[in-house]
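First comes the structure, then the notes that go with it.
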Amino acid sequence: KVIIEVRKKVCTGLPKVIIESDRTHLVANLKPRFEYKYSFKGPHLVQSDNSIPFWEYGGDAIASADNIRITPSLRSKKGWAWTKNPITFDQWSVECVFKVTGRGRIGADGLAVWYTTQKSQEGTVYGSTDMWNGLGVFMDSFDNDGQHNNPYVMAMVNDGTKQYDHQSDGSQQQIGGCMRDFRNKPYPVRVKVEYYNRILTVFINTGLTNNKDDFELCLRQENVDLPKGGYFGISAATGGLADDHDVLAFLTHSLHDGDQLAAKTQVSEQERQKYENEFDTYYKELEKNKQDFNQAHPDKVRQDYEGEFDNQGERELRMIFEGQNSIHHAVKELRKTLDELLGRQEMVLTRVSQLSTGGAVQAPQGGAQQQMGGGGGVPMLDTIKRHEVDRVMNNQNDLMQSAREMRQLLNDIQNRANVIQQNMGQGGGAAGGGGGGGLPQHTQQAISELQEHMKYVRQDVVNLVNRPQSAGGVACPPPLAVSCITPTLFFVSIIAQFVLLIAYMVYRSNKEAQAKKFY
């Protein structure tokens, strides 16, 4: 294998330099011209009637706004697309941009680019008919001959009498080819076919990079005779295995010699003089019409146009000035925000320092307050922490709210007691006038009990207000130890859940296996 690889490199490396030098010499003199009637490219590829301008497609091909799917990833599908009109030039270059994607490790059958004298329909050769007259460039995905040399790119010329050999993948009928993998690439694959001066050249971009011009030479064959006035086409087919064959663009250029094209496009001196005279005549008529319009409509005449438009330097200076102003405003806003943050920080530090210095700082047990160290550092004081300050403030707010509620309750009780006393006075006067006693005995007893309860409540409120604040909260009662389920029942339920989960996963995997495609 090593000897074979070395021989291949030696045999293919030496002529490649000659080929590249010849191509550089030819390309320097070639002038390509884009032919839109033999090309297509997305987006907006399909018209409202699902047709493609200057092209026709059929079979299992599906056209969309971005590409033409020649065949979907289904078994035994064939599709094609052909130009409606034959070409009117002899030297040409076509570039086919496509993607071949599939779920399997290998795919089938492949894609073909055609140049033939007749437009073909569905057939056995990559979705097109056999025994064609012209050129076929095949991107073969499936290895029919078992030589492990696929995916493979090859070209075959047929005069209408040869039948394509499927068993050997056309290896004995090709005029050249190369082994390149074009399936499941990150970027679209590009195949460029050039035909100029009876020289056929095929380049390929395998789609490993996003560089559109990263082409490699696949084959070059001289003395290739192709018929004139043929049609360009694309076809693809699937078999027992299936891939998506998507063609994103098909770009056609006619090739012309630079010197001949310049001679054809060069204007003679007589025609040049004629066009210059016509231009001078039209320009004089335009100036005359402008003067007539200015005389007829003096109110609409704009005398001075200078100063209305900025030159390049003024426009750049204005843009620089506007950019500096926006930066200045942004810096001012940032400075303002920073000052606000510093003010808030100073306010918080001031409040914390007031809280820490306002309370008595207890000295540690067994000695006096800690003194500064021998190095003259700051004495370590046990100051209050931020979370302790928040807890004290929350407790104080709760106490104030409770005091307000108790005060409101006391006011209500006091008002009701005043009302009852007024009723007692009115009732006593009426009873004295009538010779009877005061209120009934049970009413007086209830009033006295109410007054005693009011005294107790007032004392509780005073004690609550005067009670020293504590940093800690009220301890919660211990939770009741209640056992909801037994350990046996708990483990049984866990095991049942695991069994149900495993059964569901087996059922789901079976369903997914049934829904997959089998190649």
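Residue indices begin at 1 and follow the sequence shown.
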Asp244, Asp140, Asp243 screened by salt bridge (Lys or Arg N to Asp or Glu O under 4.0 Å) with Arg183, the one that passes = Asp243
Would you say Asp169's side chain and Asn144's backbone share a donor-acceptor pair under 3.5 angstrom?
-> yes
Please check if the distance between the ring centroids of Tyr38 and Trp82 is under 6.0 Å.
-> no
For residues 47-65, please give each side-chain donor-acceptor pair under 3.5 Å, one per line with the distance, not counting sequence neighbours.
unit_1	atom_1	unit_2	atom_2	d
Asp49	OD1	Ser51	N	3.4
Asp49	OD1	Ser51	OG	2.6
Asp49	OD2	Ser51	OG	3.2
Trp55	NE1	Ser39	O	3.3
Glu56	OE2	Lys119	NZ	2.8
Tyr57	OH	Asn50	O	2.6
Asp60	OD2	Lys78	N	2.9
Ser64	OG	Asn67	N	3.4
Ser64	OG	Asn67	O	3.0
Ser64	OG	Asn67	OD1	3.2

Which donor-acceptor pairs under 3.5 Å do the side chains of residues 202-210 make with protein atoms, sequence neighbours left out?
unit_1	atom_1	unit_2	atom_2	d
Asn205	OD1	Gly207	N	3.2
Asn205	ND2	Asn211	O	2.9
Thr209	OG1	Asp214	OD2	3.4

Ignoring hydrogens and angles, write down the donor-acceptor pairs under 3.5 Å from the side chains of residues 342-352, residues two or more places apart or on other chains.
unit_1	atom_1	unit_2	atom_2	d
Thr350	OG1	Glu346	O	2.7

Go through the side-chain N and O atoms of Thr71 and His245 and say whether any donor and acceptor fall under 3.5 Å apart.
-> yes
Would one find more than 12 heavy atoms of other residues, nucleotides or ligands at under 6.0 Å from atom NZ of Lys37?
-> no
Does a donor on one side chain sit under 3.5 Å from an acceptor on the other, for Thr252 and Glu35?
-> no
What distance separates Ser326 OG from Phe321 CZ, expressed to the nearest 0.5 Å?
-> 10.5 Å
Does any non-hydrogen side-chain atom of Phe498 lie less than 4.5 Å from one of Leu500?
-> no
Pick out which of Phe40, Trp92, Trp114, Trp80 makes a ring pair (Phe, Tyr, Trp, His ring centres under 6.0 Å) with Phe232.
-> Trp92
Taking atom CD of Gln408 as the centre, report whether more than 12 heavy atoms of other residues, nucleotides or ligands fall under 6.0 Å from it.
-> no
